[in-house]
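Letters go in sequence order (proteins before strands), and every chain restarts at 1.
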Protein chains: 2
Amino acid sequence: MKREERRQEIINLLVESRAVELDDIAARFGVSKMTIHRDLDDLERAGVLRKVRGGATIDAGTQFESDFRFRELQESDVKRALAETAASLVEPGMTVMINDGSMASVLGDVLCEKKPITIITNNAAIMERARTVSGVTLMGTGGVYSAKFNAYFGIVTEAALSRLRADIAFISAPAASGRLAYHMDEAVVRSKQAMMAASGQKCLVINSRRFGHTALHVLADLAEFDTIISDKPLPPDTAAELDGGGTAVRIAKETTT
Amino acid sequence: MKREERRQEIINLLVESRAVELDDIAARFGVSKMTIHRDLDDLERAGVLRKVRGGATIDAGTQFESDFRFRELQESDVKRALAETAASLVEPGMTVMINDGSMASVLGDVLCEKKPITIITNNAAIMERARTVSGVTLMGTGGVYSAKFNAYFGIVTEAALSRLRADIAFISAPAASGRLAYHMDEAVVRSKQAMMAASGQKCLVINSRRFGHTALHVLADLAEFDTIISDKPLPPDTAAELDGGGTAVRIAKETTT
DNA sequence: GAATTATAACATAAATTTTGTGATTTTGTG
DNA sequence: CACAAAATCACAAAATTTATGTTATAATTC
């Protein structure tokens with residue numbers, strides 16, 4: 001077992017149990033404590049966990065769990081399924097907006113196949129990826145970089161979006177309940193709203209687990225979206241609220257690889 | 001001599017003579033032909049040269065010579081010297097603008113040390129680097145990505161810059177003659193001018209070899225700059241023109257490592 | 001089709017990264 | 001405050017990765 005596998009595994013343990021003991025994992029992987037110390041140190045530096053005496057924890061509520069580097073590691077198969085379904089709405093030649101989030105960066109990857117295409121985004125991961133792909137016109141929105149979301153936000157971002165126009169915007173959300181989608185961060189909400197305002201079609205791409213939660217700011221009314229893509233059917237109350245409106249719902253199926 | 005040095009040297013040879021022979025350079029560096037084959041293969045893949053039977057050429061006029069990946073490899077010691085001198089104008093806490101160009105990205109690297117600092121840039125290399133440095137507030141300008149310059153340009157870029165204000169702008173130029181600096185690309189010129197307009201101090205950072213050349217568009221009058229940093233004294237005519245004006249000239253010295 | 005050059009595959013060498021050990025310091029606890 | 005457990009440090013050893021060379025085979029040029 002190699003270093004990175006071991007570290008990934010440590011994270012998995014941590015996600016399951018919130019805490020691990022150093023002696024424990026050293027024994028489990030058959031390596032010295034020092035090696036585990038180094039693993040934990042590096043992961044801590046990467047912002048994934050917090051070292052405590054005798055082990056490490058992943059404390060919710062702190063920056064850690066909400067950090068993009070952490071979320072990036074989670075449920076990548078669901079993300080891929082969502083991204084592929086979302087991409088089916090796009091034809092070559094279109095102009096698309098993609099917002100922040102690790103789900104969105106997977107979508108960015110997938111969309112790079114649909115060239116020629118114009119991608120407008122504030123998502124740093126997508127910029128980095130799309131840069132190298134010919135046939136993709138990449139338009140960055142600019143703004144102040146946020147390490148927490150790995151994307152750019154602020155007045156500059158919003159102003160840039162207000163001067164642009166896309167065929168379709170893909171919006172993600174960390175929480176939704178009833179007819180509303182939520183987000184905890186004001187700057188992020190504004191950027192997403194600006195994208196929606198600047199696009200013909202609006203598409204919400206959301207993990208089914210996010211339903212039943214709320215957050216400080218209302219991001220949008222679900223009925224504002226032309227399409228909602230999720231990995232499971234929407235909860236009954238939400239489905240009922242949307243019934244009869246113009247919002248289509250699509251369920252992404254995981255393609256078992 | 002290490003791999004990268006050897007490759008750098010191959011490029012230098014190529015720049016001087018337009019073509020190299022494989023047997024030649026294998027003998028010169030005292031390595032096997034196979035190694036040189038691999039060097040040339042990789043450099044070709046990087047878009048720097050073109051392999052031909054028995055050697056390689058660098059055909060000007062094609063994308064190669066003007067490509068940023070090519071320029072990136074040139075004269076890195078001069079760039080570092082220029083960057084370090086430029087950085088001496090900056091104090092922690094300042095807001096600086098840095099434009100496109102490989103020289104500028106070196107400057108970005110160096111400035112990341114001066115934290116806390118706010119960096120405003122359209123340079124993709126700097127964004128990628130500064131992102132990971134805490135204590136650096138990174139503000140991207142947005143715009144359409146240009147693979148040729150590895151930076152963002154266009155209306156969005158200019159609009160973003162027009163709403164911002166920095167303490168100092170570092171501008172680079174590929175050509176200067178008499179009292180004027182030049183650039184071949186209109187969009188690039190506009191972004192540089194927008195940066196200058198949005199900054200208190202203006203500083204031109206320019207390799208001495210660039211003097212005596214011109215290009216399609218005038219970028220700026222050298223007298224507009226508060227400081228000009230170069231690696232050798234300015235040519236007499238230019239120096240005379242600037243004499244008595246408010247422009248300071250600084251010569252960067254290479255620190256032999 | 002002979003000579004030369006290029007590619008591919010594998011072995012070896014060099015460099016880098018990762019790990020373990022033991023000494024030393026820090027931390028928490030009674 | 002003293003003790004034990006844990007963490008850190010510094011260095012050596014091991015493992016892995018990367019770079020290079022060698023040889024055999026294929027492709028090109030003339």
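Considering CE of A:Met103 and CG of A:Leu82, their distance stands at 5.0 Å, rounded to 0.5 Å. Residue B:Ile117 holds its CD1 atom at 11.0 Å from CG of B:Leu138, rounded to the nearest 0.5 Å. For the atom pair CG of B:Leu204 and OG of B:Ser172, the computed distance is 8.0 Å after rounding to the nearest 0.5 Å. The CD atom of B:Glu21 sits 11.5 Å away from atom CZ of B:Arg28, with the distance rounded to the nearest 0.5 Å.
Put simply, the side chain of B:Ser102 reaches to within 4.5 Å of the side chain of B:Lys79, judged on heavy atoms. Inter-residue side-chain proximity for A:Tyr182 and A:Arg210 is flagged as unmet; no heavy-atom pair is nearer than 4.5 Å. Side-chain atoms of B:Gln8 and B:Glu5, non-hydrogen and from C-beta on, never get closer than 4.5 Å to each other. Side-chain contact check for A:Met127 versus B:Glu128: every heavy-atom pair is 4.5 Å or farther apart.
Comparing B:Gly30 and A:Lys2 along DNA chain D, the residue whose closest nucleotide (by nearest heavy atom) sits nearer the 5' end is A:Lys2. Across the interface with DNA chain C, nearest-nucleotide mapping of A:Glu4 and A:Arg53 shows A:Glu4 to be the residue nearer the 5′ end.
At whole-Å resolution of the value, CG in A:Leu43 and C1' in C:dT18 are 15 Å apart.
Within residues 31-42 of chain B, the residues approached by DNA chain D to less than 4.0 Å at the level of any non-hydrogen atom are B:Val31, B:Ser32, B:Met34, B:Thr35, B:Arg38, in residue-number order.
Bounding nucleotides for the chain B contact on DNA chain D, 5' to 3', at a heavy-atom distance below 4.0 Å, are D:dA19 to D:dT29.
Nucleic acid contact for B:Arg3: sugar-phosphate only, since backbone atoms but no base atoms lie under 4.0 Å from a heavy atom of the residue.
Side-chain contact check for A:Thr85 and A:Ser88: no donor-acceptor pair (N or O, by modelled atom type) lies under 3.5 Å. Side-chain atoms of B:Tyr152 and B:Asn123 form no donor-acceptor pair, as typed in the model, at a separation below 3.5 Å.
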Problem set entry | Paired and unpaired positions of DNA chain C as dot-bracket, Watson-Crick or G-U wobble under 3.5 Å, | denoting a partner strand | ||||||||||||||||||||||||||||||
